[in-house]
K.L.:
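Sharing a structure below in structure tokens format, with a few things to ask.
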Amino acid sequence: MGKPKWFHSAILVATAAAFCLAADAAGQLLLANFDFEAADSPAAWKELASKDVKPSIRMLDEDNPHSGRSSLKFSATAQGESAQYVFTGITLPADHGKRVRVRLFARGANLNDGDAEINLLERDRSKVLGWCGGKTALVSIGSGGDWKEYTAEVPLHDEARVLTMFIRINNPAPGKTVWVDDISLEFVEPE
């Protein structure tokens with residue numbers, strides 16, 4: 001004889017409650033994790049370039065991971081005055097936390113100061129609310145061969161429902177390249 005119909009629902013509710021309690025006890029809730037291990041990982045990151053800039057290249061790079069098998073490589077392909085971006089959207093739960101911590105590993109090649117940035121934009125259901133924490137550049141990525149950890153913690157607008165994360169190359173030129181890996185976004189309790 002099988003289990004009563006309510007049994008599976010009760011297990012599901014208990015599991016969900018345990019997950020919520022574990023997240024609350026830690027004071028953190030993982031919102032997004034991009035490790036670029038799946039072959040379709042770059043598909044979640046869309047390209048944005050102005051009409052006067054040729055498209056950039058975004059791809060999995062199996063030769064340069066921070067951890068695991070691959071990282072996301074983003075390269076400018078042409079000289080231009082307008083920045084090139086790759087971006088992805090992250091939907092927020094209605095009862096989201098008040099602050100978000102962004103953690104990632106990155107490295108760059110052929111970059112000058114301010115040439116590569118990570119940006120985080122807040123939106124409600126119909127309009128842009130602004131840059132998270134009022135910061136256009138959440139982190140600035142420098143040149144160098146070594147992977148570097150970057151973290152930033154910013155407040156969220158109460159009405160925010162979607163975050164858009166940008167990886168941006170300013171003053172694009174052939175050879176300017178950014179690698180990113182192990183990106184995580186998590187809610188944190190205000191201190």
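Only heavy atoms go into these numbers, but all of them, side chains included; no hydrogens, no water, no symmetry mates. Since we're looking at a predicted model, the values are computed, not measured.
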K.L.:
Any donor-acceptor pair under 3.5 Å linking the side chain of Lys176 with the backbone of Thr77?
P.N.:
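Not a single qualifying donor-acceptor pair exists.
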K.L.:
Does atom CD of Glu62 have more than 12 heavy-atom neighbours from other groups under 6.0 Å away?
P.N.:
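Incorrect, the count does not exceed 12.
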K.L.:
Minimum heavy-atom separation for Val180 to Ala106, with atom names?
P.N.:
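Result for this residue pair: CG1-CB, 4.0 Å.
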K.L.:
Please enumerate all residues that pass side-chain hydrogen bond (donor to acceptor under 3.5 Å, both in side chains) together with Asp182, with sequence neighbours excluded.
P.N.:
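Result, side-chain hydrogen bond (donor to acceptor under 3.5 Å, both in side chains) vs Asp182: His66, Ser67.
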K.L.:
Under the side-chain hydrogen bond (donor to acceptor under 3.5 Å, both in side chains) test, which residues partner Asn110, sequence neighbours left out?
P.N.:
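Checked Asn110 against side-chain hydrogen bond (donor to acceptor under 3.5 Å, both in side chains); zero matches.
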K.L.:
Could you check if a side-chain atom of Ile169 sits within less than 4.5 angstrom of a side-chain atom of Phe74, using non-hydrogen atoms only?
P.N.:
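Of all side-chain heavy-atom pairs linking Phe74 with Ile169, at least one is under 4.5 Å.
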K.L.:
Taking the side chain as everything from C-beta on, heavy atoms only, tell me whether Phe34 gets closer than 4.5 Å to Leu104.
P.N.:
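The answer is no, as the side chains (C-beta and beyond) never meet within the 4.5 Å cut-off.
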K.L.:
For a quick test of reading the model, state the closest non-hydrogen atom pair linking Ala160 to Leu92 and the distance between them.
P.N.:
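Between these two residues, the closest heavy atoms are O-CD1, 3.6 Å.
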K.L.:
Are Asn171 and Asp115 side-chain neighbours, meaning at least one heavy-atom pair lies under 4.5 Å?
P.N.:
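Yes, close enough: below the 4.5 Å cut-off.
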K.L.:
Does some side-chain heavy atom of Leu120 sit less than 4.5 Å from a side-chain heavy atom of Val100?
P.N.:
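Touching, per the 4.5 Å side-chain cut-off.
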K.L.:
Out of curiosity, Thr164 OG1 to Arg123 CZ, how far, rounded to the nearest 0.5 Å?
P.N.:
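The OG1 atom of Thr164 sits 6.5 Å away from the CZ atom of Arg123.
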K.L.:
Please, which pairs that meet side-chain hydrogen bond (donor to acceptor under 3.5 Å, both in side chains) have at least one residue in residues 135-152, sequence neighbours excluded?
P.N.:
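Applying side-chain hydrogen bond (donor to acceptor under 3.5 Å, both in side chains) to every pair that reaches into residues 135-152, excluding sequence neighbours, yields Arg103-Glu149.
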K.L.:
Rounded to the nearest 0.5 Å, how far apart are CZ of Arg168 and CZ of Phe87?
P.N.:
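Here the rounded value is 14.0 Å.
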K.L.:
At their closest point, which heavy atom of Gly142 faces which heavy atom of Leu111, and how far apart are they?
P.N.:
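Reported closest heavy-atom pair: O-CD1, 4.0 Å.
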K.L.:
Out of curiosity, Met165 CE to Leu121 CG, how far, rounded to the nearest 0.5 Å?
P.N.:
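The CE atom of Met165 sits 12.0 Å away from the CG atom of Leu121.
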K.L.:
Just jot down the side-chain hydrogen bond (donor to acceptor under 3.5 Å, both in side chains) partners of Arg107, sequence neighbours excluded, or say none.
P.N.:
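Asn64.
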K.L.:
Any chance you could lay out the side-chain contact (heavy atoms from CB on, under 4.5 Å) test for Trp131 and Phe166, step after step, and finish with the verdict?
P.N.:
CA-CA 11 Å; Trp131 297 108; Phe166 295 90; 4.0 Å; yes
K.L.:
Ala137: which residues meet the side-chain contact (heavy atoms from CB on, under 4.5 Å) condition with it, sequence neighbours left out?
P.N.:
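Ala137 satisfies side-chain contact (heavy atoms from CB on, under 4.5 Å) with Glu117, Asn119 once adjacent residues are dropped.
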K.L.:
Shared ILVMFWY cluster between Phe187 and Leu138, side chains joined below 4.5 angstrom?
P.N.:
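Yes, one cluster joins them.
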K.L.:
Just jot down the side-chain hydrogen bond (donor to acceptor under 3.5 Å, both in side chains) partners of Asp63, sequence neighbours excluded, or say none.
P.N.:
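Counting only residues at least two positions away or on another chain, Asp63 forms no side-chain hydrogen bond (donor to acceptor under 3.5 Å, both in side chains).
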K.L.:
Nearest 0.5 Å, please: how far is CG in Asp158 from CG in Asp124?
P.N.:
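Reported value, rounded in 0.5 Å steps: 12.0 Å.
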K.L.:
Mind checking the CD1-CD1 spacing from Ile183 to Ile90? Nearest 0.5 Å is all I need.
P.N.:
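Taking CD1 in Ile183 and CD1 in Ile90, the distance rounds to 8.5 Å.
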K.L.:
Working to the nearest 0.5 angstrom, can you tell me the gap between Thr177 OG1 and Lys73 NZ?
P.N.:
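Between atom OG1 of Thr177 and atom NZ of Lys73 there are 5.5 Å.
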K.L.:
Does a side-chain heavy-atom distance below 4.5 Å link Asp61 with Ser70?
P.N.:
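Result no, sub-4.5 Å side-chain heavy-atom pair not found.
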K.L.:
To check you understand the geometry: which heavy-atom pair defines the closest contact between Gln79 and Pro174, and what is its length?
P.N.:
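Here Gln79 and Pro174 meet closest at N-CD, 3.7 Å.
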K.L.:
Hey, mind stepping through Leu156 and Cys132 against side-chain contact (heavy atoms from CB on, under 4.5 Å) and telling me if it holds?
P.N.:
CA-CA 6 Å; Leu156 291 175; Cys132 281; 3.9 Å; yes
K.L.:
How close do Asn170 and Gly114 get, heavy atom to heavy atom, and via which atoms?
P.N.:
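What the structure gives for the nearest pair is ND2-O, 2.7 Å.
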K.L.:
Do you know the tightest heavy-atom contact between His157 and Glu122?
P.N.:
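Minimum heavy-atom contact is N-OE2, 2.6 Å.
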